[in-house]
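What follows is a single structure, written as structure tokens, with notes after it.
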Amino acid sequence: MVCFGFPTFLFYLNLLLISPRISSALDTISPNQPLRDGDTLVSAGQTYELGFFSLADPNRRYLGLWYKDISPRTFVWVANRENPLSNNLGSLNITHQGSLVIANIRNDILWSTNTPTVAKEPIAKLLDSGNLVVRDANDSNKENFLWQSFDHPADTLLPGMKLGGSLGTGTNRVLSSWKSKEDPAVGEFHLQIDFRGYPQLILNKESWILMRAGSWNGLTFAGDRPNSLFQYEFVINLTEIYYKYEIRNRSMISRVTLNPSGIAQRLLWDDARREWMLFSYSPVDQCENYAFCGAYGICNTTNSDVCSCLEGFEPKSPRDWALRDWSAGCVPRKTTDCNNDDIFIKYERIKLPDTSSSWFDRSLSLAECEGLCAKNCSCLAYANLDIRNNGSGCLRWFRDLLDIKESYADGQDLYVRLAAPKLGKSNIGYRENKVNFRDNEEETDLLLFKLCTISEATNNFSSINKLGEGGFGTVYKGTLMEGQEIAVKRLSESSGQGMKEFKTEVTLLAKLQHRNLVKLLGCCIHEDEKMLIYEYMPNRSLDSFIFDQTRRKLLDWPTRIHIIDGIARGLVYLHQDSRLRIIHRDLKISNILLDSNMNPKISDFGMARIFGVDQIEGNTKRVVGTYGYMSPEYAVDGLFSVKTDVFSFGVMVLEIVSGKKNRGFCHPDHELNLVGHAYMLWTKGTPLEIVDECLTDSCTPSEVIRCINIALLCAQQRPEDRPNMSSVVVMLSSEIPLPQPKQPGFFLERNPPEATISCEVSMTLLEPR
């Protein structure tokens with residue numbers, strides 16, 4: 001506490017006794033007009049109010065800022081948090097030098113701005129943004145502030161406020177929680193920008209990191225999904241590093257607050273209900289606890305075991321891991337020799353690891369980033385800095401990868417260094433070899449399983465192990481000697497899929513790796529036997545749920561939208577992100593498999609085609625696929641492109657939303673198929689009539705309508721009118737306005753044939769026909 005001498009005391013006493021009381025209509029104070037306890041300042045737009053207040057203890061008085069017309073009072077800033085007044089005889093004064101001072105009747109200074117710059121005619125003004133500022137009244141630049149409360153936040157971030165630091169002045173704006181609901185003193189939780197490495201948003205409890213919202217990806221922080229209500233900005237340059245947000249609708253009231261329990265909340269004021277509405281909060285689950293899965297562990301709350309190791313890594317402490325203590329993390333199974341055999345494994349849609357030890361360069365492309373990382377033995381991983389415009393900039397990691405989370409909607413791609421696996425002979429009967437497909441056109445590195453191994457795994461292809469049967473043969477469940485479950489696709493001698501189709505599927509799947517594509521483990525070729533060995537999908541195919549009157553009830557809306565999103569991301573990988581450009585040509589509900597966590601996997605690549613980098617469209621005289629899913633240009637003219645798959649995706653989305661098949665759909669009022677019926681309802685303004693009745697209690701109408709809109713855009717008649725799949729992913733994960741769909745393909749179709757083209761050429765893995 002600082003005390004002045006007797007003359008200064010008389011000065012403040014004189015101010016308190018003879019100065020006029022402030023009018024509540026004013027938003028400004030000057031050196032001759034202090035703000036006394038009982039008076040308030042009100043911003044020009046009547047939004048904010050500044051004055052003295054008490055909480056539980058009337059003898060503890062604070063100067064604070066609150067919303068004028070919101071009850072009960074919601075405080076957004078407190079000045080003397082650590083030093084309250086003991087009675088209601090205090091005042092807020094501005095000195096002739098331009099410093100704001102809170103003093104009591106004894107002339108004790110309880111709080112001061114200590115403004116270093118001297119003003120000729122200083123005034124303090126409460127702006128309608130909620131910012132209390134000090135400026136020189138004679139300065140023509142009204143934005144030239146000598147001091148502002150926005151540089152000294154309490155527990156609340158308002159629109160326009162900066163969170164972060166000014167490198168030139170040393171200012172660091174940090175949100176700090178109250179100690180309790182009744183005590184606004186600085187609590188133990190702090191939300192701030194970590195300036196180490198590539199800056200990121202973190203939540204601290206004292207000196208410990210509790211939660212990391214992630215680094216800026218060009219649109220938002222990893223933990224804050226872009227939306228249409230808010231506009232986010234992140235600035236990093238030689239003088240400043242800060243984050244701020246604005247609300248697009250200026251009539252709405254919004255705030256971000258850090259509560260005494262350490263929960264960061266984004267709130268919107270609902271004027272109709274006269275209450276605050278929780279828009280978002282964090283941390284939301286245990287995966288947001290910092291480094292919950294340790295080094296090289298990845299967290300996903302949808303899995304039964306929340307933590308798993310990155311590919312090529314294993315638990316550092318298997319015993320602790322078995323006890324569900326994942327904090328020790330993972331270690332590589334094989335240390336890298338730092339040679340040309342090292343590979344980079346791609347992980348999609350994740351929250352990038354802790355960037356505090358990363359290096360970044362905005363000018364580099366992803367390819368240049370990979371080159372730099374590959375040449376440096378200490379570089380453990382790399383990623384794009386900015387996800388906009390197909391990605392730009394370079395992030396590289398040089399220490400243990402910590403705090404990785406599978407993020408689905410708002411994640412990024414990460415490339416992790418791994419020593420190339422060396423596959424040798426195994427006691428379960430497979431070996432590393434180069435498969436020669438007899439025509440000597442191409443050789444493919446693939447695991448070859450011995451026939452005796454597969455026969456033993458499937459109990460000699462027992463009917464008990466049969467999972468499904470289709471045009472190309474039979475699918476069996478098998479179990480290898482070490483316990484791994486597999487699915488064996490055994491092609492029949494009379495199947496339409498010859499060696500060419502077999503080679504296509506093997507070649508493609510051996511080169512494709514994505515979480516939403518079924519994984520090929522190997523193959524078996526023995527005389528006339530041709531078999532493909534896949535990972536086993538315990539939940540089989542999507543149609544066994546969607547079109548089953550009982551099991552469909554197990555798919556609530558969050559699960560269905562998760563499946564839709566996964567299929568879309570798998571197609572983006574096929575169309576543009578993989579080393580090859582793949583057109584599937586036979587997408588349908590029965591070709592979507594589901595793992596134990598209901599993650600979708602696109603399967604059956606026998607009819608797929610590879611496109612060149614610059615190739616846009618192909619054609620064929622032999623149209624293959626399934627009626628109801630084929631686009632008009634493909635079914636009629638044999639023309640296929642990525643937009644062929646987009647059309648099929650649109651049909652699948654409508655089937656997932658409605659629980660009904662497109663082919664064979666019937667309605668008492670017309671003979672349209674499901675797509676035509678959906679379009680008719682859309683034009684009538686009643687699209688929700690198509691929704692599966694099982695979803696009544698779990699769906700969000702606006703999300704469902706958005707999915708129907710996207711499906712109809714994908715199923716439009718003309719290929720050029722359909723979006724590409726990368727645009728579809730953006731549409732699904734954001735709230736950007738969508739265009740109105742045009743008439744879909746086959747809108748006037750009547751009584752579609754029940755057969756499939758080319759005898760429904762593909763067989764669905766793990767699903768009986």
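All values below come from the heavy atoms of this structure, side chains included, with hydrogens, waters and symmetry mates left out. Along the sequence shown, residues are numbered consecutively beginning with 1. As the structure is a computational prediction, the values presented were derived from the model and not from experiment.
- Using modelled atom types and a 3.5 Å distance limit, the side chains of N460 and S462 yield no donor-acceptor pair.
- By the 4.5 Å heavy-atom criterion applied to side chains, V642 and N724 are not counted as neighbours.
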- Walk me through it: do F605 and L574 pass the test side-chain contact (heavy atoms from CB on, under 4.5 Å)? CA-CA 11 Å; F605 287 81; L574 291 176; 3.8 Å; yes
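- Between the side chain of N597 and the main chain of N599, no donor-acceptor pair closer than 3.5 Å is present.
- Under the 4.5 Å side-chain criterion, counting only non-hydrogen atoms from C-beta, Q484 is in contact with L521.
- Between S698 and L695 there is a side-chain heavy-atom pair separated by less than 4.5 Å.
- A cation-pi arrangement is absent between K489 and Y534 under the rule of less than 6.0 angstrom and at most 45 degrees off the ring axis.
- Using a 30° and 60° split on the angle between ring planes, F344 and Y382 fall in the perpendicular class, above 60°.
- Remark: side-chain polar atoms of D645 are not paired, donor with acceptor, to backbone N or O of L587 under 3.5 angstrom.
- Here CD1 of I563 is found 5.0 Å from CG of L555. Values are rounded to the nearest 0.5 Å.
- The SG atoms of C299 and C307 lie 2.5 Å or more from each other.
- In this structure a side-chain-to-backbone donor-acceptor pair under 3.5 Å is present from N465 to K477.
- In this structure, the side chain of K466 does not engage the main chain of T474 through any donor-acceptor pair within 3.5 Å.
- Checked against ring-ring contact (aromatic ring centres under 6.0 Å, His included), Y347 has no partners two or more places apart in sequence or in another chain.
- Counting only distance, with no hydrogens or angles, the side chain of K405 and the backbone of N300 share no donor-acceptor pair below 3.5 Å.
- By the neighbour-count criterion of 12 heavy atoms within 6.0 Å, atom CD1 of I464 is sparsely surrounded, having that number or fewer from other residues, nucleotides or ligands.
- Of all the heavy atoms in G628 and R663, the pair that sits closest is CA-CB, 4.5 Å.
- The two atoms that bring P538 and S596 nearest to each other are CG-N, 3.5 Å, heavy atoms only.
- Summarising the geometry of L732 relative to D565, their closest heavy-atom pair is CD1-CA, 4.2 Å, with the distance given to 0.1 Å.
- To the nearest 0.5 Å, the span separating CZ on R551 from CG on L542 amounts to 10.5 Å.
- The distance from the CH2 atom of W557 to the CD atom of E703 is 7.0 Å, given to the nearest 0.5 Å.
- Without hydrogens or angle criteria, R417 side chain to C373 main chain gives a donor-acceptor distance under 3.5 Å.
- Between the CD1 atom of I345 and the OH atom of Y415 there is a distance of 11.5 Å, given to the nearest 0.5 Å.
- Put simply, the side chain of E535 does not reach to within 4.5 Å of the side chain of D595, judged on heavy atoms.
- Closest approach of H584 and I602 over heavy atoms only: CD2-CG2, 3.7 Å.
- Residue-environment remark: NZ (K346) exceeds the threshold of 12 foreign heavy atoms within 6.0 Å.
- Within the 3.5 Å criterion, the main-chain N or O of N591 finds a donor-acceptor partner in the side chain of S603.
- At a threshold of 4.5 Å between non-hydrogen side-chain atoms, the residues I454 and Y476 do not count as touching.
- The nearest pair of heavy atoms linking V572 to S726 is CG2-N, 3.5 Å.
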- Step by step, would you call Y634 with R585 a side chain to side chain donor-acceptor pair (under 3.5 Å)? CA-CA 9 Å; Y634 182 48; R585 294 204 306 169; 3.2 Å; yes
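- S455 places no side-chain N or O within donor-acceptor distance of the main-chain N or O of L451, the cut-off being under 3.5 Å.
- Within the 4.5 Å cutoff, no side-chain heavy atoms of R349 are placed close to those of E406.
- The two residues C694 and R552 have their closest heavy-atom pair at SG-CG, 3.7 Å.
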